[in-house]
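By convention here, the first residue in the shown sequence is residue 1.
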Amino acid sequence: GASPSETSNADYDISWTSRLTGTHKAVYDCPDIGGGLGVLRSGIVASQYMEALKVPESAISNVIVLRHDGIMLAMNQAFWNAYSIGERYRVTHPWTGAPLAKNPGLLGAGDGLPAGLERHTLELQMRRGVIVLACALAFRDVIDLIATTDKVSMEAATTKANAHLIPGILLQPSGVFAANLAQEKGCVFVRAT
């Protein structure tokens, strides 16, 4: 992976911190793929807050941090298919335990989730305002995988990796940086996977 100094020249969008306006703020740390449970937990707990505390969705500010092996959750299904991510990381379905070729952060209706959980896919949560951050250091592993597998330059691999990153996910200097900054801005820390 990259050393911390290798990312210091990049410009990172940290404007997401201004979107942490809810009374209830949490950062869900996902260092593993974990069957996508870290992603689902963000949505499940938000629903529980709304139900138990009778608060509107606007009262909740969630951040999901995808780091270490969890970076693979930030990649689209085409990437998962092209690089056999499910098989490579021995990903299993969060409820059935069966081997899974699909990015579990993208499991939706018809994918065997208990009723209601299809509302908590990564993309649907982002549409509802959940902030999703990805570790730039772990993203180097994605770039390395593409460069090695496709036998292309790092520059070409970087371009391809960026094209496969799910739109709306913001790269940060590191996942730990993102989790720390979210906590400094008032989020409670949740080890989600």
side-chain contact (heavy atoms from CB on, under 4.5 Å) between Val55 and Thr23, worked out: CA-CA 9 Å; Val55 296; Thr23 308; over 6 Å; no
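Formation of a donor-acceptor pair under 3.5 Å by the Trp80 side chain with backbone atoms of Pro104 is not found in this model. Of the possible polar contacts, none joining the Arg119 side chain to the Gly43 backbone as a donor-acceptor pair under 3.5 Å is found. Side chain of Glu123 to backbone of Gly105: no donor-acceptor contact under 3.5 angstrom is found. Using a distance-only test at 3.5 Å, with no hydrogens or angles considered, no donor-acceptor pair links the side chain of Asn162 to the main chain of Thr159. Between the Asp150 side chain and the Ala157 main chain, no donor and acceptor come within less than 3.5 Å of each other. For the pair Ser61 (side chain) and Gly22 (backbone), a donor-acceptor distance under 3.5 Å is present.
Partner of Val63 under the side-chain contact (heavy atoms from CB on, under 4.5 Å) criterion, chosen from Asp29, Thr17, Ile131: Ile131. Val142 pairs with exactly one of Met75, Lys160, His164 by the side-chain contact (heavy atoms from CB on, under 4.5 Å) rule, that one being Met75.
With a 4.5 Å cut-off on side-chain heavy atoms, Glu118 and Leu124 do not count as touching. Side-chain contact check for Asn103 versus Met72: every heavy-atom pair is 4.5 Å or farther apart. Side-chain contact between Thr121 and Val39: absent, with no pair of heavy atoms (C-beta onward) separated by less than 4.5 Å. Residues Pro94 and Leu107 meet the side-chain proximity criterion, which asks for heavy atoms closer than 4.5 Å.
Listed by chain and residue number, Asn62, Gln125 satisfy the side-chain hydrogen bond (donor to acceptor under 3.5 Å, both in side chains) test with Ser42 (two or more places apart in sequence, or in another chain). Remark: Pro167 engages no residue in a side chain to side chain contact (heavy atoms under 4.5 Å, CB included) (not counting sequence neighbours). Under the side-chain hydrogen bond (donor to acceptor under 3.5 Å, both in side chains) criterion, Ser15 pairs with Asp13, not counting sequence neighbours.
Under the 4.5 Å side-chain contact rule for hydrophobic residues, Val27 and Leu171 do not share a cluster. Taken together through direct or relayed side-chain contacts under 4.5 Å among Ile, Leu, Val, Met, Phe, Trp and Tyr, Leu66 and Leu137 form parts of separate hydrophobic clusters. Linking ILVMFWY side-chain heavy atoms closer than 4.5 Å, directly or via other members, places Leu133 and Leu106 in two distinct hydrophobic clusters. A continuous path of hydrophobic side-chain contacts links Leu170 to Val65 [ILVMFWY only; heavy atoms under 4.5 Å]. Linking ILVMFWY residues whenever their side-chain heavy atoms come closer than 4.5 Å, directly or via other members, leaves Trp16 and Met126 in distinct clusters.
Residue pairs meeting the ring pair (Phe, Tyr, Trp, His ring centres under 6.0 Å) criterion with at least one member in residues 24-54, sequence neighbours excluded: His24-Tyr49. Residue pairs meeting the ring pair (Phe, Tyr, Trp, His ring centres under 6.0 Å) criterion with at least one member in residues 81-106, sequence neighbours excluded, are Phe79-Tyr83.
Heavy-atom neighbours of Gln77 CD from other residues, nucleotides or ligands within 6.0 Å: above the threshold of 12. Within a 6.0 Å sphere centred on CG of Leu145, heavy atoms belonging to other residues, nucleotides or ligands number more than 12.
Leu73 contributes atom CG, which lies 8.5 Å from atom CD1 of Ile169 (distance to the nearest 0.5 angstrom). To the nearest 0.5 Å, atom CG of residue Leu40 and atom CD1 of residue Ile64 are 9.0 Å apart. The distance from the CD1 atom of Ile143 to the OG1 atom of Thr158 is 3.5 Å, given to the nearest 0.5 Å. Between the CG atom in Leu113 and the OG1 atom in Thr96 there is a gap of 9.5 Å [rounded to 0.5 Å]. Once rounded to the nearest 0.5 Å, the distance linking NE2 of His68 with CD1 of Ile71 reads 11.5 Å.
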Do any side-chain atoms of residues 177-191 form donor-acceptor pairs under 3.5 angstrom with protein atoms, and if so which ones, sequence neighbours left out?
unit_1	atom_1	unit_2	atom_2	d
Gln183	NE2	Ala179	O	3.1
Arg191	NE	Thr193	O	2.5
Arg191	NH2	Asp32	OD2	3.3
Arg191	NH2	Thr193	O	3.2

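Smallest separation of non-hydrogen atoms from His120 and Ser47: CE1-OG, 3.5 Å. Taking all atoms of both residues into account, the shortest heavy-atom contact from Ser174 to Cys135 is CA-SG, 3.7 Å. Taking all atoms of both residues into account, the shortest heavy-atom contact from Ala136 to Pro173 is CB-O, 3.8 Å. Shortest non-hydrogen contact noted between Arg19 and Val130 is NH2-O, 4.0 Å.
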